[in-house]
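Chain A is the first sequence line, chain B the second, and so forth, proteins listed ahead of strands; every chain is numbered from 1. All figures in this text were calculated on a predicted structure; none of them were measured in a lab.
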There are 2 protein chains.
Amino acid sequence: MSIIFSRQCEYALQAVTYLARTKEGEKTSIRELARILRIPHHFLAKILQRLTRKGFLISAKGPTGGFALSMPAKDITLFHIVDAIDGLAFANSCVLGFQECSGKHPCAVHDQWGEIRDALYGMLVSRNVAQMGAAMKKPEYEAAGN
Amino acid sequence: MSIIFSRQCEYALQAVTYLARTKEGEKTSIRELARILRIPHHFLAKILQRLTRKGFLISAKGPTGGFALSMPAKDITLFHIVDAIDGLAFANSCVLGFQECSGKHPCAVHDQWGEIRDALYGMLVSRNVAQMGAAMKKPEYEAAGN
DNA sequence: TTTATATCAGACTCTTTTGTCTTAGATTAA
DNA sequence: TTAATCTAAGACAAAAGAGTCTGATATAAA
């Protein structure tokens, strides 16, 4: 079950995180990504194509082809990926679903949720993909993965 | 688009909030709730039945029948309702979807998300339905609703 | 007792999300 | 040039969430 982000978005974040760990100029095939991250092959393909069209990845066809980040990993934040895949609806709507809820008509948790939402926003903006990749490089993860 | 809670859960919270505003012992029909809260009649019925089976509401058939809270509104927290409808998956899983993510194998936002999740948890536990109802009683809402 | 009004319950449809399958087209290497 | 390997793209299927419809049953009031 997804919490805040769609599964597509989670997969996108995981894939980009993995790509941040590869060497400069090195391409990774969908097949390899799908196998290692345990993501359905063709589903992942669509997600990567979407990220490519948005400008975060570059792709190359044929043997030795694959995907790679189009810019330094430190320049891509989690916010960029979430925005590209899920959009930013989470930042604007009432967590309890009250349509009338707003600054003028706050629900009973409006202010508390506002703080939480800001913290979430800050988390997404402050973390870049290079940091994500570094966290995944810890030895424990090498064992847990593949 | 729902953010964290399913639409069912949002509807449940809205319905219980409304019931908290009614007089002690007064019953409200699904028809009235559905009309005022703009929730599909039969969909709301299922949600209320679920809350009844969980023990938060009491129901009565026939004319003058309807639903009411089974206990004082101040004894029902948002947490109770969310647990009854959506469950507590949000409290345990990695926000980025990494299966290996845990205290021993934290992802790059594990700690930050942990704080946000705790704040969310605290919000749900600290707010009860009586407070929700009171917030909705503000004059602005009377105008916005109906 | 009859009628109107409720809840109760389950089958059904619609939509969105997730995942699968197939074909086409590009590119590299033999 | 041919074969192998990859992305590109769209149709299709499965699953889950959301919402609808119908009939049964209970109950209060006329």
Please lay out, stage by stage, how B/Lys74 and B/Gln131 fare under the test side chain to side chain contact (heavy atoms under 4.5 Å, CB included).
CA-CA 7 Å; B/Lys74 66 174 175 45; B/Gln131 294 170 320; over 6 Å; no

Between B/Arg38 and A/Gln99, is a side-chain hydrogen bond (donor to acceptor under 3.5 Å, both in side chains) present by the stated rule, with each step listed?
CA-CA 10 Å; B/Arg38 296 191 190 84; A/Gln99 294 193 346; 5.3 Å; no

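Along DNA chain D, the nucleotide nearest to A/Lys46 and the one nearest to A/Gly65 differ in position, and the one closer to the 5' end is contacted by A/Gly65.
In this structure, the nucleotide among D/dT7, C/dT20, C/dG10 sitting nearest to the side chain of A/Ser29 is D/dT7. For B/Lys61, the side-chain atoms get nearest to D/dT25 when compared with the rest of C/dA11, C/dT28, D/dT25. Of the candidate nucleotides C/dT7, D/dT20, C/dT22, D/dT20 has the atom lying nearest to any side-chain atom of B/Pro40. Of all nucleotides listed (D/dA18, D/dA4, D/dT20), D/dA4 comes nearest to the side chain of A/Pro63. Residue A/Phe67 has its side chain nearest to D/dA8 when only C/dT18, D/dA8, D/dC6 are considered. Taking only side-chain atoms of B/Arg7, from C-beta outward, the nucleotide of D/dA4, D/dG19, C/dG19 with the closest atom is D/dG19. Of all nucleotides listed (D/dA28, C/dT28, D/dT20), D/dA28 comes nearest to the side chain of B/Thr64. Distances from the side chain of B/Ile30 to the nucleotides C/dT7, D/dA9, C/dA9 place C/dT7 closest. Candidate nucleotides D/dA18, D/dT7, C/dC8 were compared by shortest atom distance to the side chain of A/Ser59, and D/dT7 ranks first.
We find that CD1 of A/Ile47 is positioned 12 Å from P of C/dT20, with the value rounded to whole Å. For the pair B/His41 NE2 and C/dA6 P, the computed distance is 9 Å after rounding to whole Å. With rounding to whole Å, A/Glu32 atom CD is found 15 Å from D/dT5 atom P. A straight line from CZ of B/Arg31 to P of C/dA4 spans 14 Å, rounded to a whole angstrom. Here the C1' atom of nucleotide C/dT7 and the CG atom of B/Leu57 are 13 Å apart, to the nearest Å. Across the protein-nucleic acid pair, A/Lys27 atom NZ and D/dT5 atom C1' stand 15 Å apart, rounded to whole Å. In this entry the distance linking CD1 of A/Ile58 with C1' of D/dA8 reads 17 Å, nearest Å. As a whole-Å value, the separation of B/His42 NE2 from D/dA24 P is 15 Å.
Checked against a 6.0 Å centroid threshold, the rings of B/Tyr121 and B/Phe79 count as neighbours.
With 3.5 Å as the limit, one finds a donor-acceptor pair spanning the side chains of A/Gln8 and A/Arg50.
B/Leu48 comes within contact range of no nucleotide atom at all, as no heavy-atom separation falls under 4.0 Å. Using a 4.0 Å heavy-atom distance criterion, A/Ala45 is classed as making no nucleic acid contact. A/Arg53 comes within 4.0 angstrom of the backbone, heavy atoms only, and of no base.
Counting only distance, with no hydrogens or angles, the side chain of A/Arg21 and the backbone of A/Ala134 share no donor-acceptor pair below 3.5 Å.
In this model, the phosphate group of C/dT18 is not approached by any side-chain N or O of A/Tyr11 to a distance below 4.0 Å at OP1 or OP2.
Taking the six-membered ring for Trp and thresholds of 30 and 60 degrees, A/His80 and A/Phe56 have ring planes inclined between 30 and 60 degrees apart.
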